[in-house]
Amino acid sequence: FVHSKTLTELEYLHDTAIAVDATGTIVAIEPLTPSTPTALPARLGWAPSPATTTIIRAKPGSQFFFPGFVDTHLHAPQYPNVGLFGASSLLDWLNTYTFPLEASLSDPAKARPVYARVIRKTLAHGTTTAAYYATVDVGSTNLLADLCLAAGQRALVGRVCMDSDLSPAYYRDEGPEEAVAATLASIAHIDRIDPGGGLVRPVLTPRFAPSCTPALLKGLGELAAQRPDVPIQTHISENVGEVALVREMFPEQESYAGVYDAFGLLTGRTILAHAVHLTEGEAELVARRGAKVSHCPCSNSAITSGAARVRWLLEKGVVCGLGTDMSGGYSASVLEAARQAVLVSRHVSLVESEGEGAKLSVEEVLYLATRGGAKVVGLEERVGAFEVGREWDAQLVGLGVVDGEGGLSEGGTDGEEGGVDVFGWESWEEKVAKWVFNGDDRNTRRVWVRGRLVHERK
Ligand code: GUN
Ligand code: FE
């Protein structure tokens with residue numbers, strides 16, 4: 001078992017057994033001995049039968065269990081557009097690619113296959129928790145929540161709010177009251193299908209300041225105050241044109257972060273995607289309010305938004321996680337986001353004022369992908385690490401083992417499985433680094449959420 005202990009440190013639990021009960025909760029973590037498979041269930045009072053106790057072993061040397069990934073920011077309806085962004089940047093990308101597609105998914109017959117596919121795809125990449133933006137349409141937002149619940153993916157599902165004339169007339173809320181009412185309708189649906197939010201939870205989703213009128217932001221801020229159990233997600237300071245637009249649209253506010261703060265939307269349960277161009281004062285305000293940041297490196301490079309200064313945010317005390325921001329980002333894989341986070345941080349380090357300290361390590365990006373992400377979405381007591389009391393949201397990662405002839409002795413045949421070649425002389429630290437930079441969904445052999453097997457690679 002490999003998991004993040006701290007931001008900078010992975011813990012390698014060799015020769016270890018983890019027991020998960022019928023509710024999907026980790027109830028014991030202890031050394032694995034020959035007697036463990038019988039002694040541990042007996043001590044836990046479990047019936048001594050293979051019918052009630054399943055034992056899953058990682059192959060020594062080539063497989064390991066890792067916490068499921070937390071994708072702290074992605075847009076389910078944008079999946080058909082992955083890889084399509086041309087020469088655009090944020091504001092023209094929204095109008096050219098994004099709004100027409102999202103609007104078209106108010107047809108449930110069109111939304112269903114897209115959402116079913118997104119869930120299968122993200123699970124196959126090891127994403128056990130996803131913070132989703134749906135669309136303005138309540139029916140298809142609720143469908144996304146239904147499908148997450150049925151597939152067993154842990155999810156935050158947000159009905160997108162946007163009533164300003166930044167958005168085209170064919171795809172926006174009629175007004176602030178309508179947007180708040182539609183949000184309430186979607187929250188009520190999610191509360192009904194998963195009371196207590198064991199798996200699926202609603203999230204207030206003002207798309208971003210430019211797409212919301214002050215009246216809508218005010219309405220959502222009031223709703224946030226009434227429902228302190230519901231998180232909030234939005235975008236912030238992704239693109240310089242967007243920042244300028246916010247200054248123009250909200251001249252009475254001091255800053256972009258100040259806009260959300262003025263309406264009661266900058267809170268300890270707020271997930272802010274991007275945060276590329278925050279000022280010193282804004283980062284301090286975000287830290288003071290305890291709002292969290294979803295770092296989306298793949299998206300920030302793809303649609304030329306910029307390079308977020310993650311080290312700078314972390315040093316200010318801002319909790320960060322990773323987001324694919326699909327389809328701003330072209331990949332549904334959090335492992336890809338982790339890899340891109342390393343690369344972007346190395347570009348940041350080349351800026352004289354930032355320096356070497358800006359570089360993020362493999363350990364750090366894996367922390368952001370799991371334990372950090374869990375904090376970002378408010379699930380730090382439930383997921384993100386292997387600890388007694390947390391739930392079994394995990395992936396079994398398998399690496400291809402090269403045999404004496406240069407073929408693969410484990411992990412399938414060349415080209416079909418593998419993705420990462422291991423020669424047997426690597427340390428575990430090196431195997432994990434190879435996985436981060438060369439791994440993909442072929443290496444994600446099985447995935448569980450709350451103890452339930454939700455994906456298996458045949
Ligand atoms: N800002 C407002 N909407 C969006 C969106 O859909 N994607 C990204 N990346 N940024 C946004
Ligand atoms: Fe986004």
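Counting starts at 1 for both ligands and their atoms, following the listed order. The model shown is predicted, which means the values in this text are computed figures rather than measured ones. What's counted below: heavy atoms across the whole structure, side chains too, no hydrogens, waters or symmetry copies.
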Checklist entry - Numbering the atoms of ligand 1 from 1, which are under 4.0 Å from a heavy atom of Phe208? => result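 Per the distance check, 1 (N), 2 (C).
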Checklist entry - Can you list the atoms of ligand 1 that are under 4.0 Å from a heavy atom of Leu90? => result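 Taking each heavy atom of Leu90 in turn, ligand 1 has 1 (N), 8 (C), 10 (N), 11 (C) under 4.0 Å.
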[atom] - nearest protein heavy atom and its distance:
| atom | answer |
| --- | --- |
| atom 10 (N) of ligand 1 | Glu238 OE1, 2.7 Å |
| atom 6 (O) of ligand 1 | Arg207 NH2, 2.6 Å |
| atom 7 (N) of ligand 1 | Trp93 CZ3, 3.2 Å |
| atom 9 (N) of ligand 1 | Asp325 OD2, 2.6 Å |

Checklist entry - Mind checking whether Thr98 has an N or O less than 3.5 Å away from an N or O of ligand 1? => result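 Min N/O separation from ligand 1 is not below 3.5 Å for Thr98.
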Next on the checklist: Is it true that Lys359 and Ser349 share a donor-acceptor pair across their side chains at a distance under 3.5 Å?
Outcome noted: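 No, because no side-chain N or O of Ser349 sits under 3.5 Å from a partner of the opposite role on Lys359.
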Checklist entry - So, are Glu391 and Arg154 salt-bridged, with charged N and O less than 4.0 Å apart? => result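 Arg154 and Glu391: salt-bridged.
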Next on the checklist: Using a strict threshold of under 4.0 Å (side-chain N to carboxylate O), is an ion pair present between Arg289 and Asp261?
Outcome noted: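 A salt bridge links Asp261 with Arg289.
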Item to check | Near the Fe ion (ligand 2) (cut-off under 2.8 Å), count of protein N, O or S atoms | outcome: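 Number of qualifying protein atoms: 4.
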Next on the checklist: Is it the case that over 12 heavy atoms from other parts of the model lie below 6.0 angstrom from the NZ atom of Lys316?
Outcome noted: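 For Lys316, atom NZ is crowded (more than 12 foreign heavy atoms under 6.0 Å).
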Checklist entry - Applying a 4.0 Å heavy-atom criterion (strictly less than), which segment of Glu242 is in contact with ligand 1: side chain, backbone, both, or neither? => result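 The answer is neither.
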